[in-house]
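This report concerns only the one structure given below.
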Number of protein chains: 4
Amino acid sequence: MQEIEGVRTWRGMTVADLVKGMQGCAFGAGRLAKAVEIYEEMLRADTTKFIAIAGAMVPAGMRNVIAQMIREGYVDVVVTTGANLVHDIIEALGMHHYKLHTPDVNDIELRKQSVDRIYDVAVQDDAFEVLEEFIRSVFDDFRLDRSYSIRELTALIGERLSDRDSILKSAVDRAVPVFCPAIADSMIGLHAWIYKQMRRFHVDAFDDMKELVDIFCDAGRTGALILGGGVPKNFLLQTALVAPPREDGREGFDFAIQITTDTPENGGLSGATLEEAKSWGKVGTGAKAVTVYCDATIALPVLFAAVQSR
Amino acid sequence: MQEIEGVRTWRGMTVADLVKGMQGCAFGAGRLAKAVEIYEEMLRADTTKFIAIAGAMVPAGMRNVIAQMIREGYVDVVVTTGANLVHDIIEALGMHHYKLHTPDVNDIELRKQSVDRIYDVAVQDDAFEVLEEFIRSVFDDFRLDRSYSIRELTALIGERLSDRDSILKSAVDRAVPVFCPAIADSMIGLHAWIYKQMRRFHVDAFDDMKELVDIFCDAGRTGALILGGGVPKNFLLQTALVAPPREDGREGFDFAIQITTDTPENGGLSGATLEEAKSWGKVGTGAKAVTVYCDATIALPVLFAAVQSR
Amino acid sequence: MQEIEGVRTWRGMTVADLVKGMQGCAFGAGRLAKAVEIYEEMLRADTTKFIAIAGAMVPAGMRNVIAQMIREGYVDVVVTTGANLVHDIIEALGMHHYKLHTPDVNDIELRKQSVDRIYDVAVQDDAFEVLEEFIRSVFDDFRLDRSYSIRELTALIGERLSDRDSILKSAVDRAVPVFCPAIADSMIGLHAWIYKQMRRFHVDAFDDMKELVDIFCDAGRTGALILGGGVPKNFLLQTALVAPPREDGREGFDFAIQITTDTPENGGLSGATLEEAKSWGKVGTGAKAVTVYCDATIALPVLFAAVQSR
Amino acid sequence: MQEIEGVRTWRGMTVADLVKGMQGCAFGAGRLAKAVEIYEEMLRADTTKFIAIAGAMVPAGMRNVIAQMIREGYVDVVVTTGANLVHDIIEALGMHHYKLHTPDVNDIELRKQSVDRIYDVAVQDDAFEVLEEFIRSVFDDFRLDRSYSIRELTALIGERLSDRDSILKSAVDRAVPVFCPAIADSMIGLHAWIYKQMRRFHVDAFDDMKELVDIFCDAGRTGALILGGGVPKNFLLQTALVAPPREDGREGFDFAIQITTDTPENGGLSGATLEEAKSWGKVGTGAKAVTVYCDATIALPVLFAAVQSR
């Protein structure tokens, strides 16, 4: 058995050294250090790297880090929520999110001021007006004689953006597909519905699956970095359910890192362990996998800064 | 201020009396009692009653209660996840879920035995084979010259089922629409994709919104019972964002009850307070609202049994 | 494997029937039903029943239920926190706790009004003045030529109370010892310190252990009902560490039920599983044990009402 | 309002720069950055710095960091649990804790091997035998004609240790008092009880309060760093309840940082907000305060490494 060796810190210590120190620790510190090890091994192997992004990561300030991960080749495929796309677009269009510094505010007062709250983040209604105009301009170019996949829609949006810090723009620049199965569950979905009252374009609910499964099957090794749970987590992991086993018998993801504040005890998929995913074949029985129970706004920058430095 | 009056219990006590006793308590007991009060007020008013169902409620055994709520007129609209539909269908087709009695099992062993785990629940792979055959038979009847909404798909499935304890069957019998915006994120989505390789039917990603918004706008009063978070919670609440204010100025849901184990501190939508929803106009600034922080498999039966008894 | 059988509810349903229905469920409902089964088995066997009470159970309104459990013979030994004793005494002295109905209040305003908040419960400063006077009168009678154990102190307090709903009074009436190892961590501790500036009585920090261990060793079977974690949980369970194995080789508690909202992932003792306790010998390797992850203000009344009815 | 500015990372980034980047973020990242700011302000002011340590921080590997904080003058007073002292002594005596790398182990097997588990950490029974011998040697020197405070006991233990990485030894070397109100709730308490069967020394349950209150009253400014909840948190904060207001009217702690995974929703003190503490006067109404909802094994090293670097 490995002895616990407490972490030490010093003036000017790098994030990479801090995480190295955490390798001797247990609980969250030990899990975070293991996540960095797995991510590094994932990068050394010929691995197709998937990221699932749930939670309000963009409003909280994780947009640049994720865009950076995409631009620097740490991510090959993105699965996320409509909300993260909406807030990414809002920033790309020059609108902003603001720090309330506390969630203890008067929401009825905010309502009067047309300010919408996301925990301790504020966004103004006019940001969504700018979004609406932009989204409509995207739909304007849709051909009516064909059907689009949601992934095509996210790409068409990204192509129209110029902000290098944008997740969607960075993805387009790096030819990284962005999947968003529940896109109807977002402002984009609301505007799509309003728009379709006038002009009936078609976006298919099921067409993304093929492309995602093909990428999974064509990959040598597969790795999943899962931020939060929800639809992105399950949609990404279920891909493995329809992929045939590899020649060497491997099935499911070869590497899996989950950063979440959900715990398994409520039985939901969001907090489900990666061990549970092995019973389904979503994660390989021989996979390297770890769950870090931590607010992703803390664990993700630490993980990425450490991985960059090796 | 109201004095705390401790709850008392007795032999043969009814659930309704227990909840009445909890009205004098604080913390979770007080919140649960308040949820029952709000639900009752919701039933007295001319209220259109929406339920959002996330989490593995069906595998855990909440299927009958939810079906019962639909059959007895306590629910007018359902928004849920693909997983809950999949497991509802599996049961309706005569396959079963099983109690493991503990989540501490060997998942690699389960994988070898073709058993899939959902926390402390097990389901066998062959259940999904029966599901596949059934789902394909539904798609067989799809016309190719038109597009379907997801809500139409859930109704077409429900019509084919005969199990009175089924959520989908009960919904069809009571003309209760079932919305499932992220249906692609489920076994149904996987089979839809496979099926579409041969025969290209079309299900639109955005068409449900119109019907849901119309129901919301036509309603006198609106009430939301939200189990867990995820897409069902947000998809239901965002309906209020595109509905014009009522003549009397009301906007958002008039009643809202949330039962969840997520807490607000991670900033995600799942654990977001109903107060936060007021800043968006999703829940009315004058709405009756309460969040019960509790495993829904405990709180839902208590809530419904108490509501039934008044 | 046992099939999941969904719970059904009906008008006038008893708590006992609800819990019976939960036996067919999984997740929290299944665990709660199992807790009731274990408690009943505990009562059938010749079991010495210990209860550990952490968390602000008294301010939240659980005082009567716990007092009732003691009076009706469902509890033989109590281990709790100074805070629960303080608030039990305050109520016994005719002062009250009040419902704020929400935790979202202005605490600086409360401070100005001399109102102290416990989540959504309020208590006024003058309640603590009445407490101080009472506590001093207890200390007045202390002899200075001997040392007292904390358990003796809790009994001397209980003897002075007349409120049948008081935990301390009920315990004295039923000769149920009340242990409170961290009593210094409470208003009682603060007043003891102030009082000792004038008159140096002695209360020993370590003397309780002997009596608790003796009770444990003299018991045929031992059962622990643990509400929350903290010192009460550990102090109760560590008793088993110094008790010799039984003639039949049993060691640790024979029955253990834990009701908590803490989960194991942070590594702390409060959320530690009862399985972990088996590695220490605190809970028997053959013990009947279950953890219910639920707000105790909901789960405790349900559990007790169900147990009473069998 | 301050715009959200996403954090960026780079190869060789320091922890201090990472936290600086988090200042532009919200959710956990923003709270962690604020905690560092408050800690720095606390150090600039003439502040007496208290630390409350709950949870199994020592087994998890936080021992060195805490000892380092004490040695380098970042901590003036310690309040902790018996468990953390016990595991600190075990390491100081040359025994070790070991990484299990996962909590999913067979606890009954561990029991057979005399291995005790703390989540994903293991410690062997013989470590406690070495502890017992050591503790007895401490008690051997106790005089029987006087009473000791718990703080005196922790100092007498520290004096006997030579390990610079020990919290107790570091505290003695820096004349930092270590308070442990619930010391009976630990192996030290168990051995004290056994020892007292033969030789009746006396440790008073209430005597520590005076010294702690005196330190608080003599301080210019007061700052609390709270790791986890439990007795250490409350015992530290309640000190402010008996301290008279300062000449300038200040009362309660001037600075407060809480790092915890507990949330307020269950109503317990461990997860209670620092705002709630203001209603009691435990934290000043004008205090700088923040709660970081994070595993302390991750947040503490990040916080301290950042603070060291400024």
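Every chain is numbered from 1, with letters handed out A, B, ... down the list of sequences. Being a predicted model, the structure only gives us computed values, none of them experimental.
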With no hydrogens and no angle check, is any side-chain donor or acceptor of S279(C) less than 3.5 Å from a backbone partner on R117(D)?
yes
Side-chain heavy-atom pair V283(C), R111(D) within 4.5 angstrom cut-off
no
CG (N234(D)) and CG (D185(C)) are apart, to the nearest 0.5 Å, by 4.0 Å
Let's go through M187(C) and L241(D) carefully: what are the C-alpha distance in whole Å and the side-chain angles of both, what is the deciding distance for side-chain contact (heavy atoms from CB on, under 4.5 Å) to 0.1 Å, and is it a yes or a no?
CA-CA 9 Å; M187(C) 291 284 184; L241(D) 295 180; 3.7 Å; yes
Side chain from CB out, backbone as N, CA, C, O: work out which of these in I118(C) comes under 4.5 Å of a heavy atom of chain D, or both, or neither.
both
The reported gap from CD1 in I183(D) to CZ in F206(C) (rounded to nearest 0.5 angstrom) is 5.0 Å
The interface call for L153(C) against chain D, heavy-atom contacts under 4.5 Å, is side chain
What residues, two or more places apart in sequence or in another chain, satisfy side-chain hydrogen bond (donor to acceptor under 3.5 Å, both in side chains) together with H191(C)?
none
Examine whether an atom of T239(C) lies under 4.5 Å from a heavy atom of chain D, and if so say whether it belongs to the side chain, the backbone or both; otherwise answer neither.
neither
Okay, T285(C) and chain D: the region with an atom under 4.5 Å from a heavy atom over there is both
Heavy-atom cut-off 4.5 Å, strictly under: side chain, backbone, both or neither for V231(C) against chain D?
both
With a 4.5 Å cut-off on heavy-atom pairs, point out which of W280(C), F235(C), Y119(C), F128(C) contacts chain D the most.
W280(C)
Could you look at V213(C) and say if it's the side chain, the backbone, both or neither that has a heavy atom under 4.5 Å from chain D?
side chain
Side chain, backbone, both or neither: which part of F201(D) has a non-hydrogen atom closer than 4.5 Å to chain C?
both
Under the salt bridge (Lys or Arg N to Asp or Glu O under 4.0 Å) test, which residues partner D254(D), sequence neighbours left out?
R250(D)
Checking side-chain contact (heavy atoms from CB on, under 4.5 Å) for the pair M209(C)/K196(D): CA distance, chi angles, key distance, verdict?
CA-CA 10 Å; M209(C) 190 57 62; K196(D) 290 184 77 175; over 6 Å; no
Which value, rounded to the nearest 0.5 Å, describes the distance between Q197(C) atom CD and K210(D) atom NZ?
5.5 Å
A182(C), P264(C), A56(C), G230(C): which one forms the most heavy-atom pairs within less than 4.5 Å of chain D?
P264(C)
Residue selection (most heavy-atom pairs with chain D, distance under 4.5 Å) from E109(C), K112(C), K278(C):
K278(C)
